[in-house]
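What you see below is based on every heavy atom in this structure, not just the backbone, and it leaves out hydrogens, waters and symmetry mates. Whatever order the structure lists them in is the order used to number ligands and atoms, beginning at 1.
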Amino acid sequence: MPEGKVYPQGWDPDDVDWAKFDASKVEPWLLTAIKAAALVEFNAPDYVTYLKRVFKDAGPETLADIEQWGREESQHGRVLGRWAEMADPGFKLDTTFARFHKGYRPAHFANPNDVSVRGSRRGEMVARCVVESGTSSYYSAIKDTTDEPVLKEIAGRIAADEFRHYKLFFETLHKQDEPELPVWKKLLIAAGRITESDDDELCYAYYCATVPADREAATPYLRASFAKAGYNTTLRIYRRRHIRKLTQMVAKAAGVDPHGRLTKLAEALLWRMLKFRAGLSGVGAEAAS
Ligand SMILES: [Fe+2]
Ligand SMILES: [Fe+2]
């Protein structure tokens, strides 16, 4: 669970104390990251459609859980977008999201075969646990790094939701009437999902958050440069302890001891990979840990 105040499940955007917003505490580099996160979160309905196809035979309870999960992710997008609109009145969530949604359509959303791109329902849940490990640690890190009071509150509320999502998908993983996956296969799926973090979803969200529509022609989308910018921002947000928590959660989902040597090695590798992809030397960012 996130450190400090624990927020309840089932909160509403109106529960946020928006009046505490302090424009002088907004940091431009973090604002860009929040805009990008809002776009990805707001895309939840496409994931709901895909997951409901994959889990169509898993029973009404699981389908209801998927729908509730999607509502909460969409709310994250709406709330982050509202904060970004306060911090930058030139930013509009709905129009920016329309651009993002038009430009980002992964193949598996259109896959008509009702089969997970991870090969099985259990595989799909391992991948979802990886994503929720990433988001819970990401918003925990944002809560820890920002001094803007409203963003701090929002990040705390969202992080609490993301920890609950991890728990939901972890339980759903073990509920499936499919053969248990071997640990090596779960590790492969987890590693694959982690390395997908530089696919078009995050990079294109970062592009839409950075480049306004009227500058698209002058600044065309180049995945590599926006991936690097995204990793740079991510490295500024994370501390080593957040990467540790993330790695431990992924290890648990893969059936590996979260406190064992393999997990510690994976934590060190992930931290190095993040610095490498951000374009920093291995030594330069050690002070951030
Ligand atoms: Fe979320
Ligand atoms: Fe989530």
Side-chain angles (χ1 to χ4, degrees), residues 1-2 6-13 15-16 30 33-52 54-55 62-84 93 96-97 100-101 104 106 109 116 118 124-146 150-173 190 193-194 196-197 199 201-202 205-206 208-209 230 233-234 237-238 242 245-246 248-250 252-253:
M1 291 298 291
V6 176
Y7 291 100
Q9 190 170 13
W11 57 281
D12 194 83
D15 294 334
V16 175
L30 193 51
I34 297 301
K35 288 176 184 173
L39 299 177
V40 174
E41 296 269 9
F42 212 44
N43 207 22
D46 279 355
Y47 281 94
V48 170
T49 305
Y50 163 72
L51 283 180
K52 281 177 73 179
V54 171
F55 285 84
T62 298
L63 292 174
D65 285 343
I66 290 170
E67 288 196 342
Q68 178 58 25
W69 165 80
R71 277 192 288 276
E72 291 179 12
E73 300 293 16
S74 290
Q75 177 169 295
H76 296 168
R78 174 62 69 198
V79 168
L80 292 166
R82 184 168 161 184
W83 181 87
L93 176 64
T96 313
F97 179 73
F100 173 67
H101 194 247
Y104 174 68
F109 282 177
S116 165
R118 315 292 162 186
E124 184 66 39
M125 286 296 98
V126 170
R128 288 309 320 167
C129 282
V130 169
V131 175
E132 303 295 348
S133 303
T135 54
S136 56
S137 62
Y138 192 65
Y139 291 112
S140 298
I142 289 172
K143 184 189 74 153
D144 292 347
T145 202
T146 185
V150 177
L151 183 58
K152 209 177 218 7
E153 178 185 342
I154 291 170
R157 287 181 181 277
I158 295 179
D161 283 350
E162 309 295 16
F163 280 107
R164 276 190 286 269
H165 294 165
Y166 174 89
K167 186 169 178 285
L168 167 70
F169 290 137
F170 186 82
E171 288 168 359
T172 307
L173 158 67
R193 187 60 191 84
I194 288 169
E196 274 170 35
S197 56
D199 75 358
E201 184 178 35
L202 288 176
Y206 211 83
C208 293
T233 306
T234 302
I237 293 169
Y238 273 109
H242 304 114
K245 178 76 176 162
L246 187 166
Q248 288 170 346
M249 290 171 73
V250 171
K252 187 180 168 196

Atom name of the N, O or S atom of H76 nearest to the Fe ion (ligand 1) is ND1
What atom name does the N, O or S atom of E162 nearest to the Fe ion (ligand 1) carry?
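Output for this pair reads OE2.
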Going through the checks in order, is the side-chain contact (heavy atoms from CB on, under 4.5 Å) test met by F97 and N43?
CA-CA 8 Å; F97 179 73; N43 207 22; 3.6 Å; yes
N/O/S from E72 sitting under 2.8 Å away from the Fe ion (ligand 2)
no
For the Fe ion (ligand 2), decide whether H165 has an N, O or S atom at a distance under 2.8 Å.
yes
Under-4.0 Å salt bridge between E132 and K167
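Looking at K167 together with E132, the answer is no, because their closest N to O distance does not fall below 4.0 Å.
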Can you name the N, O or S atom of E132 that is closest to the Fe ion (ligand 2)?
OE1
Name of the E73 N, O or S atom nearest the Fe ion (ligand 2)?
OE2
Value for CD1 (I154) from NE2 (H76), rounded to nearest 0.5 Å, stands at 10.5 Å
For E73, run the side chain to side chain donor-acceptor pair (under 3.5 Å) check against Q68, H165, R78 and tell me which one passes.
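The residue from Q68, H165, R78 that satisfies side chain to side chain donor-acceptor pair (under 3.5 Å) with E73 turns out to be H165.
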Give a yes or no answer on whether the side chain of S136 reaches the backbone of S133 with a donor-acceptor pair at less than 3.5 Å.
yes
